[in-house]
Asks: 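The following block contains the structure, expressed as C-alpha cells.
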Amino acid sequence: MKLKTILLGILASYCLNSATHADFIKDTTANLYLKNFYFDRNFDDAHSKDLNNWSQAATFNLNSGYTDTPVQLGLDLSARYAYRLSSAKNIVDNIMPYDAVKQQQAQDQLKLGATAKFKYGKTELKIGEVMPKLPIVHTDAVMQLPTTFLGGILESTDLANSKITVGRLNKVSGRNTEDYFKFHLVNGKNKAQADALDFAGIDYDFNKQQVRYFYAKLEDIYDQHFLSYELRHDFSKKTHLKSNFYIFDTKESGNALEGNIDNQVYATIHMLNHGNHTFGLGYKYVTGDNAFPLLANWVPQVYSANWSVGTFMQQDERSLQIRYDYDFKDTPLNGLKSIIRYYNGDHIKTATGNNGTEKEFDLILTYDFQQQKFKGLGISWLYADYKNSVSRDYIENRIALYYNHTF
C-alpha cells in the first residue's frame with residue numbers, strides 16, 4: 001500500500017504541475033452516482049432470521065485525461081460511501097460490514113480508491129483499485145457498494161480484431177466490507193489464502209463471431225482455463241440471434257493448499273431477439289470430483305450462463321434456464337424493461353446420491369425516466385423465489401432508486 005501511495009503521489013504531482021500536460025486536466029470527467037437500495041430476504045425456515053437492509057449510497061468518480069508524453073499518464077480517483085437507514089439487526093446481511101467480534105452491524109461503509117493509468121498506443125496499464133469484468137474474475141455490483149480489487153491489469157488492442165489482457169490481483173474487498181483481504185475460496189476445505197491471482201487472456205472477433213481464452217492461476221490453489229465461442233446472426237433487420245458456449249476447466253496447482261481440485265463446467269445460452277421481444281434458453285453441466293471453486297468476498301461467476309441469486313454451481317449439477325425479456329421501447333412506457341427467468345437445477349451430489357435440486361423464478365423490472373428533467377434517474381426491482389432441497393428456501397426482493405450524473 002505504501003508503494004502505491006508513493007506512486008500515485010508522484011504521478012499526480014507530475015501531471016498537475018506540468019504546463020505541457022493540459023489534456024490531463026482538459027479531458028478529466030467526473031461522475032456522481034446515487035443509489036437508495038432496499039434488500040429483503042425472507043426464509044421459509046422459521047428458525048432462520050430474515051435478512052433486510054435499507055441504505056443510501058453515493059459514489060463519486062474522477063477520471064483524468066492523459067498527458068501528451070510518449071507514455072501517457074493518467075489518474076482515476078473514487079469515493080464510495082453508504083449509510084444504513086434501517087435499524088441494526090446485528091446479523092450478517094451480506095450488504096454492509098459486520099463486526100464478528102462485537103457482533104454489530106456497521107452504520108456506514110466507506111471505500112476510497114485510486115488508480116494510476118499508463119497508455120502507449122492502444123495498450124493501457126492500470127495499477128491500484130481495479131474492477132475487472134472478466135470470465136475468470138468479476139466485480140459484484142448488484143447490491144449496494146461493489147466488490148473491488150487491488151492489483152494491475154494491462155489491456156492491449158494493438159493487434160487487429162483482438163484484445164489481449166494480462167493481470168495480477170493481490171487482494172479483494174467484498175461488497176460488504178471496507179478492508180482488503182487475500183484471495184481464498186468460499187467453498188474451500190482449508191480456507192487457505194493465496195498471495196495473488198494471475199491471469200492472461202485473448203479475445204478475437206471475426207465475422208460476427210468471437211473466441212475468448214483465459215488462463216488464471218490462484219497461487220498454490222488452482223489453475224483455471226476458460227474457453228468461449230460467441231456467434232451473432234441476423235435473420236433480418238428485426239430478428240437477431242446470439243449464441244454463447246462456455247467451458248471452464250479447473251485443477252489444483254502449486255502446493256495445492258486446498259487439496260485436490262477437479263472441476264469442469266460446460267454451459268451455453270442462446271438469446272433470440274425479435275423487435276421488443278427476446279427469448280432465452282440456457283443449459284449448464286457441472287462435472288468433476290468437486291464443485292466449482294468460487295472465490296470468496298463476493299466474486300461472482302457470471303460467465304457460467306445460469307447464475308442469478310442462486311449459483312447453480314454445485315457438484316454434478318445440471319441446470320436449465322428459460323427466459324423472456326420485453327423492452328417497452330416505442331410504446332407509451334418507453335424506458336421500461338422486463339425480464340422473466342426460470343432456473344431448474346438437479347442431479348446435485350449429496351450424502352445420499354445425486355438427488356439434490358435447486359430452482360429459482362425471477363422477475364426483474366427496470367425503468368429509466370425519459371423526460372429531460374429526470375435524465376439519469378431510474379428505478380429497478382428484482383423479485384426472486386428460490387428453492388433448494390439441500391439448503392433453505394427464501395423469497396428475495398431488491399429495490400433500487402438510482403441517479404447517475406456526469407459532469
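Note that the structure is predicted; figures quoted are calculated from it, not measured.
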Asks: As an exercise, state the distance from OG of S253 to CG of D220, rounded to the nearest 0.5 Å.
Replies: 6.5 Å

Asks: Roughly how far, to the nearest 0.5 Å, is CG of L231 from CG of N244?
Replies: 9.0 Å

Asks: Test your reading of the model: is there a side-chain donor-acceptor pair from S304 to the backbone of Q301, 3.5 Å cut-off?
Replies: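 Pair found, side chain donor or acceptor close to backbone of Q301.
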
Asks: Go through the side-chain N and O atoms of T357 and D346 and say whether any donor and acceptor fall under 3.5 Å apart.
Replies: no

Asks: Angle between ring planes, H277 versus F279, binned at 30° and 60°: parallel, tilted or perpendicular?
Replies: parallel

Asks: With a 6.0 Å cut-off on the ring centroids, do Y343 and F312 count as close?
Replies: yes

Asks: Can you list the steps and then say if F118 with Y120 is a ring-ring contact (aromatic ring centres under 6.0 Å, His included)?
Replies: CA-CA 7 Å; F118 306 87; Y120 182 80; over 10 Å; no

Asks: Ignoring hydrogens and geometry, is there a side-chain-to-backbone donor-acceptor pair from K284 to G345 under 3.5 Å?
Replies: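 No; judged by distance alone, with no hydrogens or angles, the pair does not exist.
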
Asks: Are side-chain heavy atoms of V130 and L169 found at a separation under 4.5 Å?
Replies: yes

Asks: Does the side chain of F181 reach to within under 4.5 Å of the side chain of Q193, using non-hydrogen atoms?
Replies: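 Side-chain contact under 4.5 Å: no.
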
Asks: For a quick check under 3.5 Å, do Q209 and Y229 share a side-chain donor-acceptor pair by atom type?
Replies: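 A donor-acceptor contact under 3.5 Å links the two side chains.
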
Asks: Hey, mind stepping through E129 and R80 against salt bridge (Lys or Arg N to Asp or Glu O under 4.0 Å) and telling me if it holds?
Replies: CA-CA 12 Å; E129 179 194 70; R80 301 179 177 90; 3.0 Å; yes

Asks: Looking at CG of N354 and CZ of R318, how far apart are the two atoms once the value is rounded to the nearest 0.5 Å?
Replies: 7.5 Å

Asks: Should we say atom CD of Q103 is surrounded by more than 12 heavy atoms from elsewhere, each under 6.0 Å from it?
Replies: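 Atom CD in Q103 is not packed in, count stays at 12 or less.
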
Asks: Side chains of N31 and Y33: is there a donor and an acceptor less than 3.5 Å apart?
Replies: no

Asks: Got a sec, which pairs hit ring pair (Phe, Tyr, Trp, His ring centres under 6.0 Å) with one end in residues 247-266, sequence neighbours left out?
Replies: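 Qualifying pairs: F226-F248, F248-F292.
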
Asks: Contact between H270 and K242 at the side-chain level, heavy atoms closer than 4.5 Å - yes or no?
Replies: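 Contact flag for H270/K242 side chains = no.
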
Asks: For a quick test of reading the model, state the closest non-hydrogen atom pair linking S86 to N53 and the distance between them.
Replies: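 Taking every non-hydrogen atom into account, OG-CA, 3.8 Å.
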
Asks: Would you say S55 and Q144 are linked by a side-chain donor-acceptor pair, where the criterion is simply a distance under 3.5 Å?
Replies: yes

Asks: When you check the side-chain N and O atoms of D393 and Y386, is any donor under 3.5 Å from an acceptor?
Replies: no

Asks: Answer yes or no: is there a side-chain heavy-atom contact under 4.5 Å between Q321 and I269?
Replies: yes

Asks: Looking only at heavy atoms, what is the nearest atom pair of P300 and D140, with distance?
Replies: CD-CB, 3.7 Å

Asks: For T250, is there any backbone N or O sitting under 3.5 Å from a side-chain donor or acceptor partner on Q264?
Replies: no

Asks: Can you tell me if NZ on K89 sees more than 12 non-hydrogen neighbours from other groups inside 6.0 Å?
Replies: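 Yes, the 6.0 Å shell around NZ holds more than 12 heavy atoms from other groups.
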
Asks: Would you call D223-K251 a salt bridge at under 4.0 Å N-O?
Replies: no

Asks: My understanding is that only residues two or more places apart in sequence, or in another chain, count here; which of them pass side-chain contact (heavy atoms from CB on, under 4.5 Å) with K163?
Replies: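 Counting only residues at least two positions away or on another chain, K163 forms a side-chain contact (heavy atoms from CB on, under 4.5 Å) with E155, T157, T165, D203.
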
Asks: Under 3.5 Å, side chain of N297 to main-chain N/O of V172, donor-acceptor pair present?
Replies: no

Asks: So for atom NZ, which belongs to K35, do other residues, nucleotides or ligands contribute more than 12 heavy atoms lying within a distance under 6.0 Å?
Replies: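 Above 12, so yes.
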
Asks: Quick one: do Q72 and T67 satisfy side chain to side chain donor-acceptor pair (under 3.5 Å)? Show the steps, please.
Replies: CA-CA 5 Å; Q72 298 173 284; T67 65; over 6 Å; no

Asks: Are the side chain of T123 and the backbone N or O of K119 linked by a donor-acceptor pair below 3.5 Å?
Replies: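 No.
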
Asks: How far apart are the closest heavy atoms of L197 and I136, and which atoms are they?
Replies: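 Scanning both residues completely, I find the closest heavy atoms to be CD2-O, 4.5 Å.
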
Asks: Donor-acceptor check, side chain of R398 to backbone of M143, threshold 3.5 angstrom: yes or no?
Replies: no

Asks: With ring centroids as reference points, do Y213 and Y215 lie under 6.0 angstrom apart?
Replies: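 Centroid separation for Y213 and Y215: 6.0 Å or greater.
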
Asks: Could you walk me through whether Q224 and D249 pass the side-chain contact (heavy atoms from CB on, under 4.5 Å) check?
Replies: CA-CA 6 Å; Q224 186 173 87; D249 183 26; over 6 Å; no

Asks: Under 4.0 Å between a Lys/Arg side-chain N and an Asp/Glu carboxylate O for K182 and E219?
Replies: no

Asks: Do D262 and N260 come within less than 4.5 Å of each other through their side chains, counting heavy atoms only?
Replies: no

Asks: Does a side-chain heavy-atom distance below 4.5 Å link F235 with L241?
Replies: yes

Asks: Ring centres of Y285 and Y283 under 6.0 Å apart?
Replies: no

Asks: Going by distance alone, is a donor N or O of one side chain under 3.5 Å from an acceptor N or O of the other, for Y246 and R212?
Replies: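 No, no side-chain donor-acceptor contact under 3.5 Å.
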
Asks: Taking side chain as C-beta onward, heavy atoms only, is K337 less than 4.5 Å from Y367?
Replies: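 No, too far: nothing below the 4.5 Å cut-off.
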
Asks: Mind checking the CG-CG spacing from N42 to N397? Nearest 0.5 Å is all I need.
Replies: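 So the gap between those two atoms works out to 8.0 Å.
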
Asks: Going by atom types alone, do T139 and K133 pair a side-chain donor with an acceptor below 3.5 Å?
Replies: no

Asks: So, do Y402 and L377 sit near enough that their side-chain heavy atoms are less than 4.5 Å apart?
Replies: no

Asks: Which distance, rounded to the nearest 0.5 Å, do you find between the CG of L112 and the CD of E178?
Replies: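 One gets 9.0 Å once the value is rounded to the nearest 0.5 Å.
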
Asks: Donor-acceptor pair, distance only, cut-off 3.5 Å: does the side chain of D385 make one with the backbone of F361?
Replies: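 No, D385 side chain to F361 backbone: no donor-acceptor pair under 3.5 Å.
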
Asks: Please answer whether the main-chain N or O of F328 pairs with a side-chain N or O of T331 as donor and acceptor at a distance below 3.5 Å.
Replies: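 Here the side-chain-to-backbone pair exists.
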
Asks: Any donor-acceptor pair under 3.5 Å linking the side chain of N306 with the backbone of S319?
Replies: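 Flag set: sc N306 to bb S319 pair under 3.5 Å.
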
Asks: Looking at residues at least two apart in the chain, or sitting in another chain, which of them share a side chain to side chain donor-acceptor pair (under 3.5 Å) with N355?
Replies: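 Scan of N355 (side chain to side chain donor-acceptor pair (under 3.5 Å), adjacent residues dropped) gives T350, T352.
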
Asks: I'd like to know if the side chain of K375 and the backbone of H405 have a donor-acceptor N/O pair within less than 3.5 Å.
Replies: no

Asks: Among pairs that include at least one residue of residues 230-241, which meet salt bridge (Lys or Arg N to Asp or Glu O under 4.0 Å), considering only residues two or more places apart or in two chains?
Replies: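 Sorted pair list: D205-R232, K208-D234, E230-R232.
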
Asks: Applying the side-chain contact (heavy atoms from CB on, under 4.5 Å) criterion to N263, which one of V286, D289, T287 satisfies it?
Replies: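 The passing option is V286.
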
Asks: Run the numbers on Y98 and D93 for side chain to side chain donor-acceptor pair (under 3.5 Å), then give the verdict.
Replies: CA-CA 8 Å; Y98 174 80; D93 60 17; over 6 Å; no

Asks: Would you call R341 and D362 a salt bridge, using N to O less than 4.0 angstrom?
Replies: yes

Asks: Does a donor on one side chain and an acceptor on the other come within less than 3.5 Å for S48 and R392?
Replies: yes

Asks: For Y83, does the OH atom have more than 12 heavy-atom neighbours from other residues, nucleotides or ligands under 6.0 Å away?
Replies: no

Asks: Going by ring pair (Phe, Tyr, Trp, His ring centres under 6.0 Å), name the pairs with one or both residues in residues 34-62, residues two or more places apart or in two chains.
Replies: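 Pairs touching residues 34-62 that pass the test: F43-Y394.
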
Asks: Report the residues that fulfil side chain to side chain donor-acceptor pair (under 3.5 Å) with N290, sequence neighbours left out, ordered by chain and then residue number.
Replies: none

Asks: For Q104 and D99, which I'm curious about, is there any donor-acceptor pair between the side chains at under 3.5 Å?
Replies: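 No, no side-chain donor-acceptor contact under 3.5 Å.
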
